[in-house]
Amino acid sequence: MRFLSPQTSLSLRSLHNSIAPSSQTNSFTLSRSVAAAAAMDSSSSTPCKLVLCGKSSAENEIAKSLMNNNSLKLPDNVQVSTLLHSEIIDKQQQQQNEESFCIERFMNSLSTNQFGRLLIWSPKLPSTHDVVSNNFGELPIGAVCVADVQYKGRGRSKNVWESPTGCLMFSFTVQMEDGRVVPLLQYVVSLAVTEAIKDVCDKNVVSQDVSLRFDSLICTHLGVYDLFQGLPLIDVRIKWPNDLYLNGLKVGGILSTSTYKSKKFNVSIGKYVSFSVIYNCIGLNVDNEKPTTCLNAFLRELSAAACALRREDIVAAFLNKFEIFYDLFINGGFQTLEELYYKTWLHSGQRVIIQEKNENQVVENVVTIQGLTSSGYLLAISEDNHMCELHPDGNRYIGVTFPDIYCSLG
Ligand SMILES: O=C(O)CCCC[C@@H]1SC[C@@H]2NC(=O)N[C@@H]21
């Protein structure tokens with residue numbers, strides 16, 4: 001493994017142009033300031049509505065106590081109004097609003113033992129990340145927060161995440177004791193998103209009519225459909241470390257943050273333990289074509305008769321998938337998912353140029369991406385057979401076309 005000195009600044013670009021450059025204009029993480037985004041919220045004086053719903057009576061009891069004790073808080077003194085889904089009288093009216101998240105539909109598709117069993121839904125809030133991170137102590141692990149609109153959406157590298165209707169935006173928590181594997185969890189999340197989208201496409205077969213089946217047959221013949229029946233598979237791919245790409249365009253992203261909690265008393269095992277809490281946040285453009293593309297626009301291009309994907313189905317399928325993957329990851333390590341991960345990411349065998357900047361000189365080296373290192377960075381091999389580790393560099397753009405990663409300390 002080659003180790004590079006801290007002073008060395010390396011940038012990296014692909015030799016192939018198979019992936020669109022990750023520029024600030026074709027992603028959702030536009031560099032508008034968070035303050036400007038917050039100022040856009042004209043209704044900040046009205047309380048933020050949080051609707052709680054449990055999968056079973058156990059989680060509904062937790063929901064009731066959160067509401068009765070006014071436990072849920074938001075930063076910046078944003079007022080919160082907590083409601084129980086079971087007590088909303090105008091449920092029927094809500095369901096008629098096509099754009100609103102259908103809680104019943106989500107709960108019916110959810111089949112997990114832990115993740116997503118307590119749902120917090122809001123028609124409009126600052127950021128789902130703020131809800132799960134500010135209320136960690138109150139919420140059961142795995143509680144999920146979904147918003148129809150965010151007015152203070154966060155992207156990585158302090159970017160703003162544009163969060164209009166049609167974008168699926170949700171966050172949930174995970175608690176882990178082994179800090180060494182925490183950096184790999186975000187890859188489990190990415191993989192669960194791409195697999196969930198495939199699952200939803202597969203399952204939609206039951207709702208298709210005869211004409212779509214006929215359509216599907218023709219397309220299968222043409223090689224567009226992966227399955228004899230079912231919606232065309234939407235092949236969302238992972239652009240390391242945390243972007244989701246469809247047809248060369250960014251369609252979603254993952255933001256994972258973590259905090260370390262030292263020596264808390266664990267009642268169930270009767271001893272003090274240290275652990276990390278990871279806030280996993282997902283933004284996926286399901287139904288809004290701006291500024292790049294969305295899953296449903298892609299589907300419509302494949303088949304005019306295809307049913308649109310619904311956010312409720314995707315979040316539920318994600319949590320179902322994530323629970324299975326998380327179990328494999330915790331019990332067998334990331335290697336249990338590695339093969340699938342490498343099939344899904346965009347980088348296997350990709351040749352990239354590393355630019356090493358030393359004072360005024362730029363030296364270029366070609367390396368080939370091999371996979372991930374045990375700590376979750378990119379493992380690459382140079383033409384003279386030296387291994388090196390490539391680190392992400394947020395959105396820094398160093399005058400090269402691809403990607404937004406560069407090589408730093410090994
Ligand atoms: O920069 C990225 O690509 C990651 C974007 C993550 C956006 C999601 S949307 C739901 C959650 N709430 C936020 O404020 N951000 C994340």
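Counting starts at 1 for both ligands and their atoms, in listed order.
- Atoms of ligand 1 lying under 4.0 Å from any heavy atom of Gly153, numbered from 1 in the order shown and given with element: 14 (O).
- If you look at Ala147 next to ligand 1, there are no close heavy atoms at all, none under 4.0 Å.
- Taking a cutoff of 4.0 Å between a charged side-chain nitrogen and a carboxylate oxygen, Asp148 and Lys124 do not qualify as a salt bridge.
- Look at Asn242 and you'll find every heavy atom at least 4.0 Å from all atoms of ligand 1.
- For the residue pair Arg156 and Ile254, the shortest heavy atom distance occurs at NH1-O, 3.1 Å.
- Side-chain contact between Ile238 and Asp243: absent, with no pair of heavy atoms (C-beta onward) separated by less than 4.5 Å.
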Would you tabulate the side-chain donor-acceptor contacts of residues 61-71 under 3.5 Å, counting partners in other chains and residues two or more places apart, or write 'none'?
{"unit_1": "Asn68", "atom_1": "ND2", "unit_2": "Lys64", "atom_2": "O", "d": "3.4"}
{"unit_1": "Asn69", "atom_1": "ND2", "unit_2": "Ser65", "atom_2": "O", "d": "3.1"}

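- Remark: Tyr377 pairs with His391 by the ring pair (Phe, Tyr, Trp, His ring centres under 6.0 Å) rule, at least two apart or across chains.
- Side-chain contact of Ser256 with Gln186: a donor-acceptor pair under 3.5 Å is absent, judged by distance alone.
- Of the N or O atoms in Gln150, one or more lie within a sub-3.5 Å distance of an N or O in ligand 1.
- Ligand 1 has no nitrogen or oxygen under 3.5 angstrom from a nitrogen or oxygen of Ser171.
- The Ile254 neighbourhood of ligand 1 comprises atoms 4 (C), with distances under 4.0 Å to a heavy atom of that residue.
- Put simply, no part of Asn159 is less than 4.0 Å from ligand 1, judged by heavy atoms.
- Contact annotation: the side chain of Asn108 never approaches that of Lys55 to less than 4.5 Å [non-hydrogen atoms, C-beta and beyond].
- The shortest N/O to N/O separation between Arg154 and ligand 1 falls below 3.5 Å.
- Atoms of ligand 1 lying under 4.0 Å from any heavy atom of Gly155, numbered from 1 in the order shown and given with element: 1 (O), 5 (C).
- Which of Lys152, Glu162, Arg156 comes nearest to atom 2 (C) of ligand 1 through a heavy atom is settled by distance: it is Arg156.
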